[in-house]
Amino acid sequence: MNIQKTAAEETLGFMLPTRRVESFHYTDLRANLKSLGEQAARPEDDATRTMGDSFPRLASDACVLHFYDGHGFERNETLPEGVMVSRDLPDALSADGGADDTIPQINSKITTAGVSIAVAKGKEVTQTIGLAHAHTGAAESIASTRFSITAAEGSTSRFIERQMGRSDANHMTSSAVSLNVQQGAKVEYFIVQQAGVGATHLARLNVTLAQDADLSIFVLNAGGKLVRQEVKIAVNGENANLAIRGVNLVGDNAHIDVTTVLEHNVPHTNAEELFRNVVAGDGHGVFQGQIKVAQPAQKTDAQMACNTLLLTDEGDFSAKPELEIFADDVICAHGATVTDIDDEHMFYMQARGIDQKTARGLLIKAFVDEVVEELEAGEELEEAFTGIIDDWLDANI
Amino acid sequence: MLEIKNLHVRIAEEETEIIKGLDLSVAAGEVAAIMGPNGSGKSTLSYVLAGKEDYEVTEGDILFNGESILEMEPDERAASGVFLAFQYPMEIPGVPTMNFLKAAMNAQRKARDEEEYTTPEFIKTVKAAAGELNIDFNMLKRALNVGFSGGEKKRAEILQMQLLEPKLCVLDETDSGLDIDALKIVSDGVNRLRDPERAFLVITHYQRLLEHIVPDSVHVLYQGRIIESGDKSLALHLEENGYADVIARAA
């Protein structure tokens with residue numbers, strides 16, 4: 001087969017997946033990413049001081065590592081005790097999955113800034129560690145980062161990776177993260193994506209979980225034009241516990257794809273996935289949830305749910321759960337629903353004097369806020385997350 | 001206060017007419033009971049008053065304080081003082097009852113150009129009202145009506161009615177699903193709200209409720225029309241004899 005390479009493919013040196021690649025069936029990367037653009041220049045230090053102004057901090061006590069337009073900046077925030085940071089660019093994520101690993105491959109070609117973070121053995125870090133990437137989003141620019149995190153044995157830590165931008169010009173951002181949760185370590189990893197509406201944001205989070213590890217992931221997508229967040233998790237230690245929760249707010253003209261792959265490789269592990277999605281205008285949402293249970297992984301308990309509220313006839317949402325189970329003594333369940341706002345609920349609220357817009361807002365908010373509540377991340381963070389959701393709903397509903 | 005004139009209603013998108021020329025007047029301060037056999041149009045009447053869009057008024061008018069409410073949205077009707085206590089109150093997951101009450105009370109106050117409640121005022125007001133209705137305040141922190149028992153839901157309806165201070169209260173089979181104690185609590189709640197400035201339309205199957213909420217007038221609804229009106233003795237007559245002779249008289 002002889003296909004004319006796109007400009008993006010010329011730059012990257014490999015072909016991008018079309019709908020014919022199963023894992024990209026709902027997100028045709030080749031058609032949507034014709035050219036890559038240029039690396040954004042390192043912004044002036046002064047300019048970066050105001051870039052995050054419209055994105056107030058989510059956790060008041062956080063220690064934040066700053067990235068602007070794909071470049072690292074030292075702000076000398078005091079690191080919590082037991083946390084070590086190296087400013088060297090971490091190794092690229094492995095890409096042995098071929099086309100399925102297109103996003104790590106793209107990231108490996110375009111990233112120049114990143115950090116490696118190590119949480120020391122047994123340390124209970126109470127301060128949130130922020131990984132903040134603000135984008136100017138100049139037309140046809142690229143801004144990308146790569147992080148590597150190791151949470152050593154018995155440690156406790158919390159991270160917020162945040163993408164922030166206001167640009168409606170066509171630009172690209174990317175993130176690749178490897179997170180290694182060692183034996184008995186407890187990690188919360190929250191991804192807050194608030195890229196500008198012109199952004200193509202391609203991201204991958206790779207995770208390994210050791211024995212007795214406990215991981216809570218939260219993905220909040222509240223921005224971007226074409227977004228694909230991949231989460232790939234290898235559950236390699238017995239009694240590991242995993243929760244992946246997410247809220248996808250899909251605006252008019254946006255395409256937001258969350259693709260998760262869970263590999264249960266050992267017995268006695270638990271995983272719970274819950275996504276709630278709101279689609280406005282002619283937005284397109286995608287959730288692909290793959291659960292693979294290897295033959296030795298007996299007593300796996302994996303639950304997956306994906307619920308969507310479609311607010312218009314123009315929007316759509318594709319949900320694809322995929323179970324690949326080779327063990328015979330497991331509990332795996334998945335469910336996907338797509339609904340509109342319940343007219344009876346609306347009437348009841350209006351009959352109490354609440355106008356249509358407010359009633360709709362309350363019902364949509366209730367639908368997604370339930371996910372935030374489940375995080376049990378503390379009042380400040382939960383309010384920060386629901387605040388982002390409220391702002392998005394005000395602007396998009 | 002409420003004047004229904006030659007009202008004809010059908011289910012939107014269907015030909016079936018449910019209310020077929022209904023006339024009814026309820027004065028300020030009056031408690032009017034509507035009784036009628038199953039399928040006579042009682043619940044339809046309550047929904048049409050509240051403005052549910054599944055129903056289409058094809059003829060006639062509903063005047064509330066002299067003005068037609070037919071073109072008003074349900075929330076506008078509520079803000080102007082119409083309240084429907086639902087036969088089956090909706091469960092709304094994820095919306096804490098307190099948030100809902102605050103949204104409703106402040107929306108109505110705002111629509112009437114009144115000051116919104118401050119949070120302490122609001123909590124104090126709700127606590128006092130909940131106490132009178134034997135409602136555990138902690139229950140109000142839970143999602144609206146979710147996991148409430150039948151009796152709790154009905155009490156929560158009366159709580160809303162008390163807090164929203166409507167002018168016209170429509171009670172749609174508020175007695176259904178209530179045990180005797182709950183019936184007493186709910187009826188006492190309604191009786192406390194009786195006021196010369198407030199009218200009640202009490203829709204029920206049974207005379208039993210009317211022993212507690214004593215009506216000024218009783219109207220029999222049959223096949224979408226009021227076929228007989230009287231005082232509270234009419235309810236007793238129905239209890240003893242059923243609807244047959246009243247229907248026969250109207251035929």
Side-chain angles (χ1 to χ4, degrees), chain A residues 220 245-249 274-278 305-309 311 335 337-376 379 382-383 385-387 389-390 392-394 397, chain B residues 12 46-55 72-97 99-112 114 116 143-146 153 156-157 159-161 163-166 169-170 172:
Chain A
L220 172 55
R245 300 185 181 91
V247 170
N248 293 310
L249 304 172
L274 171 65
F275 279 84
R276 291 273 169 95
N277 317 296
V278 176
C306 176
N307 313 116
T308 302
L309 209 46
L311 299 180
T337 60
V338 177
T339 51
D340 189 1
I341 289 177
D342 190 324
D343 288 342
E344 300 290 330
H345 287 173
M346 281 295 291
F347 173 62
Y348 188 78
M349 297 184 94
Q350 285 188 269
R352 295 299 177 253
I354 302 172
D355 67 82
Q356 203 165 0
K357 188 174 190 301
T358 309
R360 262 170 85 84
L362 280 171
L363 291 170
I364 299 165
K365 183 174 155 55
F367 175 74
V368 288
D369 280 359
E370 281 187 314
V371 180
V372 176
E373 265 167 48
E374 280 198 15
L375 296 175
E376 296 183 356
E379 203 173 326
E382 286 178 19
E383 276 178 16
F385 294 152
T386 54
I389 293 170
D390 290 349
W392 188 91
L393 293 175
D394 282 346
I397 303 304
Chain B
S46 71
Y47 283 142
V48 170
L49 287 169
K52 197 166 199 242
E53 63 179 15
D54 310 19
Y55 299 94
M72 289 163 75
E73 292 291 322
D75 53 298
E76 294 169 334
R77 298 185 191 196
S80 76
V82 177
F83 182 93
L84 168 62
F86 282 65
Q87 184 180 1
Y88 303 110
M90 292 306 300
E91 295 189 4
I92 305 192
V95 178
T97 309
N99 294 13
F100 172 78
L101 291 175
K102 195 171 183 189
M105 287 162 73
N106 280 337
Q108 294 209 13
R109 290 175 83 94
K110 203 171 139 195
R112 295 194 292 252
E114 295 167 12
E116 292 190 9
L144 183 62
N145 289 327
V146 176
K153 284 180 186 168
E157 291 292 287
L159 174 69
Q160 292 176 36
M161 189 165 89
L163 292 170
L164 293 170
E165 301 174 322
C169 306
V170 182
D172 187 7

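Please read all numbers here as calculations on a predicted model, not as lab measurements. Proteins get letters first, then strands, A, B, ... in listed order; numbering begins at 1 in each.
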Suppose we count any N or O donor within 3.5 Å of an acceptor, strictly below that value; which pairs fall between chain A and chain B?
| residue | atom | partner | partner atom | Å |
| --- | --- | --- | --- | --- |
| A/E344 | OE1 | B/K52 | NZ | 3.2 |
| A/E344 | OE2 | B/K52 | NZ | 3.0 |
| A/H345 | NE2 | B/E91 | O | 2.9 |
| A/Y348 | OH | B/E157 | OE2 | 2.3 |
| A/Y348 | OH | B/Q160 | NE2 | 3.2 |
| A/Q350 | O | B/D75 | N | 3.3 |
| A/Q350 | NE2 | B/D75 | OD1 | 3.0 |
| A/R352 | O | B/Q108 | NE2 | 3.0 |
| A/R352 | NE | B/Q160 | OE1 | 2.4 |
| A/R352 | NH1 | B/L84 | O | 2.9 |
| A/R352 | NH2 | B/L84 | O | 2.9 |
| A/R352 | NH2 | B/E157 | OE1 | 2.7 |

Under 4.5 Å from any heavy atom of chain A, what part of [X] do you find: side chain, backbone, both or neither?
| X | answer |
| --- | --- |
| B/P89 | both |
| B/A103 | both |
| B/L144 | side chain |

- Message: The test is side-chain contact (heavy atoms from CB on, under 4.5 Å); show your working for A/V371 and A/L274 and say whether it passes.
- Response: CA-CA 7 Å; A/V371 180; A/L274 171 65; 4.1 Å; yes
Please name the pair of heavy atoms, one in [X] and one in [Y], separated by the smallest distance, quoted to 0.1 Å.
| X | Y | result |
| --- | --- | --- |
| A/I354 | A/A359 | CG2-N, 3.6 Å |
| B/P166 | B/G81 | CB-O, 3.3 Å |
| A/A351 | B/A78 | O-CB, 3.4 Å |

- Item | ring pair (Phe, Tyr, Trp, His ring centres under 6.0 Å) partners of B/F83, counting only residues at least two apart | none
- Let me see the working for A/I389 and A/L220 under side-chain contact (heavy atoms from CB on, under 4.5 Å), right down to the final yes or no. CA-CA 9 Å; A/I389 293 170; A/L220 172 55; 4.1 Å; yes
- Interface check, chain A: of B/G94, B/P93, B/G51, most non-hydrogen pairs under 4.5 Å belong to B/G94
- Message: What I'd like to find out is whether the side chain of A/L375 reaches to under 4.5 Å of the side chain of A/F385, using heavy atoms alone.
- Response: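 Yes - at least one pair of side-chain heavy atoms lies under 4.5 Å apart.
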- Message: Report which part of A/M349 has an atom under 4.5 Å of a heavy atom belonging to chain B: side chain, backbone, both, or neither.
- Response: both
- Query: Which value, rounded to the nearest 0.5 Å, describes the distance between B/M161 atom CE and B/L84 atom CG?
  - Reply: 10.5 Å
